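Letters A, B, ... mirror the listed sequences (proteins, then strands); counts begin at 1. Treat the numbers as computed from the prediction; the structure is a model and nothing was measured.
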Protein chains: 2
Amino acid sequence: MNDKSKKYRSHCPINFAQETFGDKWSLLIIRDLMFKDKKYYGEFLLSDEKISTNILADRLEKLETAGLISKAIDAENNSKKLYSLTQKGLDLMPMLIEMIAWAAKYDKESAAPKAFIKQFKKDREGLIHELLTRLKDTSK
Amino acid sequence: MNDKSKKYRSHCPINFAQETFGDKWSLLIIRDLMFKDKKYYGEFLLSDEKISTNILADRLEKLETAGLISKAIDAENNSKKLYSLTQKGLDLMPMLIEMIAWAAKYDKESAAPKAFIKQFKKDREGLIHELLTRLKDTSK
DNA sequence: CTGTATCCTTAGGGATACTG
DNA sequence: CAGTATCCCTAAGGATACAG
C-alpha cells in the first residue's frame, strides 16, 4: 500500500471520473454534502439508501484522499468531525445538476425539484459559454 | 426474473442515475457511441479499458433494456448489429460534457484528457451548438 | 465477426458487535 | 455519537473456449 499512485485503466476523462467517484456510494455522500447540508457522520447514516457504517467510513476516507472532501474538528464539539466539500468537490455541481435534470426527465418516480432545475439551466447557459471558451483555450 | 420492476434504493434522482449507468462500464460504452462514433461490437472491444466479451454483451443488453441505446441490423451486412444512442442516451451529453470538463481540470497528471478534449472540440463543435440550442429550448 | 456459455476469482458491500 | 473491526456473501467482473 506504499504505492500511492493509482493505476487507471486509461487516461480518458470519463474513466477518470468513473474511477474517482463511480462506486455505489460516493456520489450519494457528495449529494448529501452539496444539496442536503449534511456535515456529520451520523447524518449520512440516516439517508434513505442506508449506507452501513464501515462503508461510510471507508468512502469518507477515500473521498478525502481523492481531495473531494475535507475533515475538520467541530468547533463546538471536539469529538465531532465536520465534513465539507473542497473546491474540487464543489466543482462537481454542474455535472450533478445535469444528472438530476436527466433523471428528472426520465424517472417519473424521482422527486426532483423541477423549478430549481429550470432556473439552473437558465443561469447556466453562461457556464456553457465559459466551458466553450475553456475548450477553445485548451485546444490551442 | 419475471419481475421487470427494478427495486431502487431510493427515489433520489442521483441514485436513479447511479443505478442506471453507475457501473464500471456503461458510461464508457456511451462515451464510445457519443464521442468516438463507434457502432459495432468489435469496436467497443478495442477501447483502451479492455472490456471483456461477456461483460460487453451484458452491458449492451442492459443499456438497451434501460432505453439508452438501440440495436439495428446493419443495412450493408446482415450479420452485423448497429448500435446507436436513443434520445434518452443522447440526453446524457450535457452531463458527460460537465464530467469531462471536471476531469480535464483535475486530472492534470496526464496529458490525455486535454488531447481528448482537443479531439472532441475538433470533431464536435457542431454538436455543442446543437446542445446549446437545445438547452435554450428546455430552459424556457 | 458477433456474440454465448462457463468457470473462477475478487472486490465490494451488508450485518453487526465492539471501542473511545 | 463517531467511528473500527470482523465475518460473511454475493454480484461483478476477468479469461477463455466455443458457436452461428
Numerically ordered, the residues 18-30 of chain B set in heavy-atom contact under 4.0 Å with DNA chain C is none

Residues 9-20 of chain B vs salt bridge (Lys or Arg N to Asp or Glu O under 4.0 Å), sequence neighbours excluded, gives Lys6(B)-Glu19(B), Arg9(B)-Glu19(B)

Contact under 4.0 Å: Tyr41(B) side-chain N or O vs dT4(C) OP1/OP2
no

Does any N or O in the side chain of Ser10(B) come within less than 3.5 Å of the main-chain N or O of Glu49(A), such that one atom is a donor and the other an acceptor? no

Margin query: For Tyr40(A) together with Tyr83(A), are the ring centres under 6.0 Å from each other?
Written below: no

Requested in this report: Just call it for Phe44(A): base, sugar-phosphate, or nothing, with non-hydrogen atoms closer than 4.0 Å on any strand.
Outcome: nothing

To the nearest angstrom, the NZ-P distance between Lys80(B) and dG3(C) comes to 11 Å

- prompt: Between the main-chain N or O of Asp74(B) and the side-chain N or O of Lys80(B), is there a donor-acceptor pair closer than 3.5 Å?
  reply: no

5' to 3', nucleotides 15-20 of chain C under a 4.0 Å protein heavy-atom cut-off (B base, S sugar-phosphate only, - none) gives BB----

note: Ile55(B), atom CD1; dT9(C), atom P; distance rounded to Å ~ 16 Å

Any non-hydrogen side-chain atom of Tyr106(B) less than 4.5 Å from a side-chain atom of Thr20(A)? no

The complete set of salt bridge (Lys or Arg N to Asp or Glu O under 4.0 Å) pairs with one or both residues in residues 61-70 of chain B, sequence neighbours excluded, reads Asp58(B)-Lys62(B), Glu64(B)-Lys71(B)

- Message: Less than 4.0 angstrom from a charged side-chain N to a carboxylate O is my criterion; do Asp23(B) and Arg59(B) meet it?
- Response: yes

Atom CG of Leu45(B) and atom P of dT4(C) are separated, to the nearest Å, by 12 Å

May I ask you to verify if any side-chain N or O of Arg59(A) is less than 4.0 angstrom from the OP1 or OP2 atom of dG12(C)? no

Here the gap from Asn15(A) atom CG to Leu28(B) atom CG, rounded to the nearest 0.5 Å, amounts to 5.5 Å

Here the pair of heavy atoms bringing Ser52(B) nearest to Leu45(B) is C-CD2, 4.3 Å

Nt span of DNA chain D in reach of chain A heavy atoms at under 4.0 Å, 5' end first, is dC1(D) to dT6(D)

Here the distance between atom C1' of dG12(C) and atom CG of Asp58(A), to the nearest Å, is 9 Å

With sequence neighbours left out, the residues meeting side-chain hydrogen bond (donor to acceptor under 3.5 Å, both in side chains) with Gln87(A) are Asp91(A)

Between Trp102(B) (side chain) and Pro94(A) (backbone), is there a donor-acceptor pair under 3.5 Å?
no

